[in-house]
Structures are given as structure tokens and as C-alpha cells.
Amino acid sequence: MNKQRQTNVMAVTVAIYVATFMSAIEGTIVSTALPTIVGDLHGVSLMNWVFSIYLLTNAMMTPIYGKLTDLVGRKPVMQTGLIIFIIGSMMSGLSESMPMLILWRAIQGIGAGALMPVSMTIIADIYSFERRAKVLGFNSSAWGIASVLAPLIGGLIVDKLSWHWIFFINVPVGLITLFLFQFYLREPKRHNQVEIDYLGSFWLMLFLLGLMLSFQLLGNATISWSAVIISWLVSGASLWLFIRREGRTDHPVISLDLFKNHTFVIQNAVAALVSGFLMAVEVYIPTWTQGILGVPASLAGFAVTPSSLMWIVGSFVTGRLLAKWAPRRIIYLSLSFILVTSICLALLPVSTPFLWFFLITAIGGIGFGITITATTVTSQHLVSADNVGVATSFNTLSRTIGQTLMISVFGIALNVGMNQGIASHAGTNMAMMNKLINPQTATSLPKDLLPTLHGILYTGLHWVYWIGLALVILAFIVNTFDRGPQLTAAQHASKLNKD
């Protein structure tokens, strides 16, 4: 008698953890090697695109993968994404010019678009509601570990091997993950007639391309407003055509019915806003500790490590909260932690000691862990089983858009703040600010100018954190609009099944 083998939950969980770790470490490890890459390939004018193109293609493919997971299954979509990611990684390592590297980073991003949303969808499949938040918390620890290990691993690879191995290392790790999914993940065959809305997919991808590209252009030192406006026009027209198409087709990429559920919309809006503020913490606190406090780059990154570690604690706490509290109440609690962090960062004096950042980021980490885990699990429970993949990928996409938009906004705020400071202090310029941010080059600056330069950078960073505080307050306001039935996530799911 042939009995179908069951999913090996432990092996699949390990595979998901490894896939998450690859996603988590990718950005940091590449940024560590980027100066060496740029020096070798002579492409300083294009270096921003090494990150931008990866982010663009990743975001564009996320909703497409989400739909495919519901149509053809989680396993084939994850395997396809991993294969594309492995090929993109290998060819990125073999690149001999900046344009070639950017091309293969785009391919790598297409594959990476499957890793996070499909991983979280698989977790929803193989774990009960009661255990899911705990598993998501464990999975989130990959980000904490990556934040510590990535600079060390990246520096070691560049020093002992070459920058090419930054990408080559993904190949064996990706193949092991592919093997684990192939042999240990079992799912019932789906007999859905695979009908993909290609026109809707095209309009959605064009909308995201225009939107994300405009964010990248706004983050440049010199902004081309004509290119930004063209991007917005293309994005707006594509969004209108996408909505029009989705309302008419029988097989939409993202069902417009999802947006009839106010709780679903608000949960994802809060996730986007909180993810945007997360960029202010993870990107600009290391800038503060290096540029103002003079902490070495190897230690500056550790200022945000407590956030990643306490994120895990927040995720574990969420498991209990989801069973007892309505989503709106959970978000109020999580935003309270984040509000404390945002107020502290907006009001900190320039002389704040390094150790204070450990406490501030730890408090924020609890809030981030609760918010992101709660919005993910709640989004999954607000939809039918046939739409879990789409709901999960939409949650991931919301967070990506929030991060990309706010990185650009924060970059503009920092530059405007510093330029105003430079204009009001004779004898200072932006070249000095670039040297100040790097502790190794800051020593070459005139000592009598250092307090002034610290003050200029401090002013620019406070522009960033006042905007960050406004984001958190906006998230509170958005959460108040969740005026539907205040049910727990499990009660929402039970009501959905009865309907």
C-alpha cells in the first residue's frame, strides 16, 4: 500500500530559516563589499543601481509569486524562485563590468521576490494558528543574526578571498535549501486550472516599476524632476489600468475584494508605515554613531542589534496576543513601544553616549516584532485559504514599498538639513560631511571644525527622526479607522469559514 509521505516539518522549517537568512544577509553583505566592487569595476556613478535594481525586481515579482502560490502550489514557486536566485547570484559573481553586475542583480532580485512571501505562506500551511507567531518569531531571529554576522562575513570574504565570493556563497546555500524543499515538503496536488492574468500582471509590474523608480530618483543627490514626473505619470496610469482590469477578469492577480475588508487594508497600511520608520532606525543610527560619536564601523552596526534581538521577543508575545486581543488593540500596544523609540531619537542631545542606543533600539525592537508578526498573521487569517499566498505577498509588498519610499524621503531630509547647516557655517562643505561620517577619514578634518560639523550632521539626522515620529503618529491615526467588528484573528478566520 502506497502511503503518501508527510511533510517533514522540522526540515522544511530549517529550509525556510535558511531562505530567510539569505534574504536578510543579502543587502548588508553586499554593502560591505560595495566599495571594493566599485573600485574593481570602475563604476562609482552606477553603484546605487546595484541595490536599486535588486529592490525593484524583487518588489515587482512579489505579488506575482503570491498569486502563483495559490494557483500551482508553494513548492514549485519556491523552487523556481530559488533556481533564478542561484543563477543570478552565480552570474553576479562572474560579472566583469558594472552594467553586467546590475543586469544579473536584476535577475537575482526576480528570484528573491519568492523567498520571503512564499516562506511565510508555507509557515501558515504547516503550523497551527497557535504556534505560527512563535515560528515567525524564531524565523525573524535570522534578521538579528544576519545584522551581526553580515559585516563580519562580508569583511572576511573581501579580505581573504575576493568580492566575487559575496555572490558565489549563495550557490551552495541555495542548493541545500532547494534540496530540503524538494525532498521534505509535501503538499496536495492542486487541480486548479492555471489561468494567469498576464495583462493585469503587466500593469501591476509597470505600476510598481514607475513607483519604485521614482523613489530611487528622489533619493539621488541631484534630482531629475522630469524623470520623477514621468515615472509618476506612468505609475498612475498603470495603476488605473490595473484596477480596471482586475475588476473585469475572473482570475485577478490581486482580488479587489481584499480591499473591502477594512481591517486587512489598515493592517497593511500600518505595516508599511512601521517598515518605513524601521529604515530610520537601521540605516541612520549607525550614521549617527559613526559620524557624531566616532564609533568604528565594525561596532556602529551593533547599536541596532538589540532591535533585531528584541524583535524575536515581540514575535513570541504576539502569539498570545493574537488569541486574546483584536488586531486594533494589538497594534496600539506595539505602536506604543515604537513611539517611545521615535520620541527618544527625535529629542536626543548631540552628546548622547553610545550605550543609550542599545536601550532605545531594544524598546523599538519589541514594537517592530509585534507589529510585523501581527500584521502578517492577521492578513493571512482575514482571507480564505485560496488567497493566503496573495494576502501574504501583499503584506510583504506593503512593507517593501514603505521602506523604499521612506529611504528616499529620509535621504532628502538629511541632505536638506546638512545643506542648510553648511550654508550657515562658513568654511564647511559637503566633502567634509562625507569625511565626517567615516571615522577613519574624520581624523583628517580640522579639529576646531569638528564640533560644528557634528552639529550640522546632528541637525540633518533630527530632520530624519522628526519625520520618523510623524510616521509613527500617522500609524496611530490609521489604526483608529479600524472600526469593523473587533474580533481576534482566529475569530475572523472562523467567521470567514462560516460565510
Side-chain angles (χ1 to χ4, degrees), residues 27 30-31 34 37-38 41-64 88 92 95 97-110 112-113 199-245 272-273 275-276 279-280 283-284 287 397-420 422-423 430-431 433-434 460 463-464 467 471:
V30 171
S31 65
L34 192 59
I37 295 172
V38 170
L41 300 182
H42 310 292
V44 66
S45 63
L46 296 173
M47 74 176 194
N48 195 42
W49 281 97
V50 175
F51 293 103
S52 301
I53 198 68
Y54 178 87
L55 192 62
L56 284 168
T57 55
N58 189 322
M60 286 165 55
M61 290 305 299
T62 294
I64 310 301
S92 293
S95 297
S97 68
M98 212 64 169
M100 186 182 295
L101 175 61
I102 291 168
L103 169 65
W104 289 112
R105 281 284 285 173
I107 303 299
Q108 195 183 18
I110 290 173
L199 185 57
S201 300
F202 172 76
W203 292 127
L204 177 60
M205 291 174 70
L206 194 59
F207 159 65
L208 291 171
L209 177 61
L211 186 67
M212 305 285 277
L213 184 58
S214 70
F215 296 162
Q216 295 297 331
L217 292 170
L218 285 170
N220 290 340
T222 303
I223 300 175
S224 172
W225 286 106
S226 59
V228 171
I229 292 169
I230 291 171
S231 297
W232 282 342
L233 290 174
V234 169
S235 185
S238 301
L239 178 60
W240 180 78
L241 290 167
F242 171 72
I243 293 172
R244 187 166 173 263
R245 170 67 181 176
L273 291 168
S275 295
M279 292 296 96
V283 174
Y284 290 99
T287 300
L397 179 63
S398 299
R399 287 154 50 191
T400 302
I401 290 176
Q403 290 175 342
T404 310
L405 170 61
M406 293 317 301
I407 272 289
S408 299
V409 172
F410 292 148
I412 294 168
L414 179 66
N415 286 329
V416 169
M418 288 195 300
N419 282 325
Q420 286 190 350
I422 290 169
M430 192 57 74
M433 300 308 299
N434 289 328
W463 278 57
V464 169
I467 294 173
L471 271 184

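All values reported here derive from a predicted model rather than from experimental measurement.
- Taking each heavy atom of Gly200 and Phe242 in turn, the nearest pair found is O-CD1, 3.2 Å.
- Qualifying side-chain contact (heavy atoms from CB on, under 4.5 Å) partners for Leu211, counting only residues two or more places apart in sequence or in other chains: Phe207, Phe215, Ser235, Ile401.
- Taking both residues in full, the closest heavy atoms of Ser238 and Trp203 are given as CB-O, 3.5 Å, listed atom of the first, atom of the second, then distance.
- From Leu241, atom CG reaches atom CG of Leu199 across 8.0 Å, with rounding to the nearest 0.5 Å.
- Residues passing the side-chain hydrogen bond (donor to acceptor under 3.5 Å, both in side chains) test with Trp232 are Ser214, sequence neighbours excluded.
- Separating the CG atom in Leu204 from the OG1 atom in Thr62 is a distance of 10.0 Å, to the nearest 0.5 Å.
- Side-chain contact between Trp463 and Gln420: present, with at least one pair of heavy atoms (C-beta onward) separated by less than 4.5 Å.
- Nearest approach of Ser231 to Leu213, heavy atoms of both residues: OG-CD2, 4.0 Å.
- Using a 4.5 Å heavy-atom cutoff, the side chains of Leu397 and Leu208 are in contact.
- Between Ala112 and Asn58 the shortest heavy-atom distance is CB-ND2, 3.7 Å.
- Taking the side-chain contact (heavy atoms from CB on, under 4.5 Å) definition, one finds that Thr57 meets it with Ala106, Ile110, sequence neighbours left out.
- We find the CE-CG distance between Met100 and Leu103 to be 8.0 Å, quoted to the nearest 0.5 Å.
- With sequence neighbours left out, the side-chain contact (heavy atoms from CB on, under 4.5 Å) criterion links Ser275 to Ile372, Arg399, Gln403.
- Between Arg105 and Ser92, the shortest heavy-atom contact is N-OG, 3.7 Å.
- Counting heavy atoms from C-beta on, the side chains of Ile467 and Val409 come closer than 4.5 Å.
- In this view, Ala227 and Leu217, Ser224 satisfy the side-chain contact (heavy atoms from CB on, under 4.5 Å) rule, not counting sequence neighbours.
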